[in-house]
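Here the structure is laid out as structure tokens; the discussion comes afterwards.
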Amino acid sequence: MSSSTSIRVALVGNPNVGKTTLFNRLTGLNQRIANFPGVTVERKSGSLTGSPHVEVIDLPGTYSLTPRSLDERITYEVLVGRRDEAPDLVVCVVDAGNLERNLYVVSQVIDIEMPVIVALNMVDAAEENGLVVDVPALETELGVPVVPLVASRGKGVDELKKQILDPPKPAQGYRWTLMDAVDAKIPALFKELVEEAPQVQLDHGRMEILRALAEDEALDTWRQIAPGFVRHIEELRKEFAERGIAWRHAEVSGRYAWLGPIVNKTVRRVKGAATLSDRIDAVLTHQIFGPLFFLVILVGIFQAVFSWATPAMDLIETGISALAAAVQSVLPVGWATDLLTDGVITGVGNVVVFLPQILLLFFFLGLMEDTGYMARSAFIMDRVMKRVGLSGGSVLPLLSSYACAIPGIMAARTLDNERDRLITIMVAPLMSCSARLPVYTLFIAAFIPAGTLGIFGYQGLAMFSMYMMGTVMAFVAAAILKRFVFTKGSESYFVMELPPYRRPRARQILWRMIQRSKVFAVRAGKIILACSIVLWFLASYPRVDTNAERAQIEMQAAQQREARYAEAEALLPVPDMALPDLEGSLESGDPTMAQIQSIMQQAELEYAAALDSARIVEQSAQIRGSAVGYLGRILEPVMQPLGFDWKISAGLVSAFAAREVIISTLGIIYSVADAEEGVALRDALKADRYPDGRPVFTPLVAVSLLVFFVFALQCMSTLAIARRETNTWRWPLVMWLYMTALAYIASLVVYQGGQLLGLS
């Protein structure tokens, strides 16, 4: 034990076995979320309920301790004490309905020779499917305690707590047999490794050698430390290949040769028992009906995410605007107030406004995961993904990227193959995220006709084509990256255990929604907030003196109002009568009185509109003379072949903080008071002209800009998250360069090709 007063318990198990549910039952709300040192993988820990001296750590799900993914590698390194203090006790959570597959990782944990308890979860689901596990017999065969439970209902959790507080002795490891040809080489390899790398602690040398023999990634970790050992492993691989020995599967074969008879002895299937999951899978995983049903599910999710979140998003936007206005009315006029309202509050609002969509997305993903359908969706898409060089495991990250690329990139850490993980990260931003929606909506509504083609509208087809364009290009980019960039690494394969269908648990889904959204808001929010502040300074400085121009507009507005009032006074029946005496002289309903009041109201409306116009003209002049405007004019020659002038170029620069920022930027540049509603801005875009009278915006320019937004990586926070997930700026830089080049070339082809065809 670590000490007499502190016990560290690690939860280990395959994905989809209820490990996180058990963790929540054991710890309640006494949980902490951080990252393991040096990596972005989350470290969830908490105190055992009623026993604060017992720390429970929820390790990432893993199918094996011969790891292929980052999550699995972290689990192994924590268990052997390389990345964190080694636990005192390991609780292996297994699915009673898939015992043989789940016991594989249990056998590996037993080989580490530390105290082990097997938590036999979901025994109720196993019994519903006709499977009965003989728990005492299983304990005898494995040599470790086995506690049956149903974590979702809390059944058996108290018994597990008792076992944790009175842990067993270390388990006896290596009770399985390795094939003779491989086993004979282990002692010499171990001796060589110890001599060549004496600085490395090798308490589990046999396991290290088997990992290095089976996995290229594991072998690569020794290249700098023990090159002789690596060379002998590579020679041994060639020798085994020539002799026809399946050296990659030596450990797998040996473990299953031991586990198979154990499962046969301890698991009994009731004859004639209904297997509901099998009957449902006959339809949902069918080669034809399975993909069709999956597409229907996706359409439903996207429709719900984009429509159900609108009221909440509108409410948040209203609240942010009201907060900014309130702060502006209380604090004195000055740059500090502008920074707080336009930079800080608006910057936070750019993050918070997307939380309803993120919450809804994780709600639906939680439903799919809890019911067991998420595993089926990956299985269904595996055949399609393999054709572009990925596997079904990339489905979830790419699916998440439709709401936002940030959670999609973060979800890629669960992929087994490092090459697949990097490729998925590199193509995830091509999936059209919700931040592109305002841009799509504005330009499609302004420049795409509202007619129909059969039952489909032109504008709806245009929106659909934007999403399809990004998705298809993501698949094409994945195939190209795997063939020409990420050429090294082991070939990926997709192994997934299909869990039984279960009723979703509202409490767990709600908890997952809160935790995921909190992570998104905090991590991405910091980045976007910082970028918004920087862009505010770039758009606000150097200061442009517009006082004279604004004063002239205000003076003209005042003169216009006086002229209107004079027009109203001319209608008075008595020439010397003043307007304040109007109500006492004219009866209610008098036509003259109604006409005079109408003129006065119109005068006030025109005056207020003129003041707004003066303010917006001042803002527009400031933008043009600011660093952002200056950069836009510098970029104009480069962007003109795409049909973009300096105003669009400046908008693209500002959109780097968040894609939708281009709308508010164009609203300021075009002196539109209410750019948020979009109608006035659409009219301003269509009315804008070059000095020679040519329109700045045409349908062809709009399509070119839409295509640019489909492919361009206009999102600083996505780059920052990619940097955190890859631990280098190399791949985020490559990502930005190839997507920007792709966007430029695609827009160039669209605009120049359209002009050659005589389109406008």
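FYI, side chains are in, hydrogens and waters are out, and symmetry mates aren't considered; it's all heavy atoms of this structure.
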Minimum-distance pair of heavy atoms, taken over all atoms of [X] and [Y]:
| X | Y | answer |
| --- | --- | --- |
| Ala428 | Leu398 | CA-CD2, 4.0 Å |
| Glu139 | Val146 | OE2-N, 2.9 Å |
| Ile262 | Glu141 | CG2-CB, 3.8 Å |
| Pro145 | Gln163 | CB-OE1, 4.1 Å |
| Cys92 | Val106 | CB-CG2, 3.7 Å |
| Ala171 | Ile110 | CB-CG2, 3.8 Å |

Kindly say whether [Y] contributes a backbone atom to a donor-acceptor pair with the side chain of [X] at under 3.5 angstrom?
| X | Y | answer |
| --- | --- | --- |
| Ser51 | Leu48 | no |
| Ser432 | Gly470 | no |
| Arg268 | Asp134 | no |
| Asn102 | Asn98 | yes |
| Arg8 | Leu89 | no |
| Ser401 | Pro397 | yes |

Checklist entry - Any side-chain donor paired with an acceptor under 3.5 Å for Tyr76 and Thr62? => result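 No pair is found: no donor N or O on one side chain lies under 3.5 Å from an acceptor on the other.
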Next on the checklist: I'd like to know if the side chain of Thr424 pairs up with that of Ser394 as donor and acceptor (distance under 3.5 Å, no hydrogens or angles considered).
Outcome noted: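 On atom types as modelled, these side chains qualify, holding a pair under 3.5 Å.
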Quick one: pull up [atom1] in [X] and [atom2] in [Y] and give me the separation to the nearest 0.5 Å.
| X | Y | atom1 | atom2 | value |
| --- | --- | --- | --- | --- |
| Thr20 | Phe23 | OG1 | CZ | 8.0 Å |
| Leu719 | Gln714 | CG | CD | 10.0 Å |
| Leu259 | Tyr104 | CG | OH | 9.0 Å |
| Tyr440 | Ser465 | OH | OG | 9.0 Å |
| Leu422 | Met426 | CG | CE | 8.0 Å |
| Leu65 | Ile112 | CG | CD1 | 5.5 Å |

Checklist entry - Run the side-chain contact (heavy atoms from CB on, under 4.5 Å) check on Leu59 and Ile74 step by step: do they pass? => result CA-CA 8 Å; Leu59 295 178; Ile74 294 301; 5.6 Å; no
Check whether any side-chain heavy atom of [X] lies under 4.5 Å from a side-chain heavy atom of [Y], and answer yes or no.
| X | Y | value |
| --- | --- | --- |
| Val9 | Asp88 | no |
| Val147 | Glu159 | yes |
| Asn14 | Asp95 | no |
| Tyr467 | Met431 | no |
| Ser64 | Gln108 | yes |
| Pro87 | Met114 | yes |
| Glu100 | Leu103 | no |

Next on the checklist: Would Thr49 and Leu26 count as a side-chain contact (heavy atoms from CB on, under 4.5 Å) here? Give the steps.
Outcome noted: CA-CA 6 Å; Thr49 304; Leu26 292 173; 6.0 Å; no
Item to check | side-chain contact (heavy atoms from CB on, under 4.5 Å) assessment of Ile57 paired with Leu11 | outcome: CA-CA 6 Å; Ile57 305 169; Leu11 296 185; over 6 Å; no
Side-chain donor/acceptor pairs under 3.5 Å, residues 116-124, sequence neighbours excluded:
residue : atom : partner : partner atom : Å
Asn121  : OD1  : Ala151  : N            : 3.0
Asn121  : ND2  : Val17   : O            : 2.9
Asp124  : OD2  : Arg153  : NH1          : 3.1

Item to check | Residue list, ring pair (Phe, Tyr, Trp, His ring centres under 6.0 Å) with Tyr373, at least two apart or on another chain | outcome: Phe293
Next on the checklist: Apply side-chain contact (heavy atoms from CB on, under 4.5 Å) to residues His53 and Ser6 and explain how you reach the verdict.
Outcome noted: CA-CA 5 Å; His53 65 288; Ser6 177; 5.5 Å; no
Next on the checklist: Could you check whether Lys19 pairs with Asp58 (Lys NZ or Arg NE/NH1/NH2 to Asp/Glu carboxylate O, under 4.0 Å)?
Outcome noted: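 Looking at Asp58 together with Lys19, the answer is yes, because their closest N to O distance falls below 4.0 Å.
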Checklist entry - When you look at NZ of Lys161, are more than 12 heavy atoms from neighbouring residues, nucleotides or ligands closer to it than 6.0 Å? => result yes
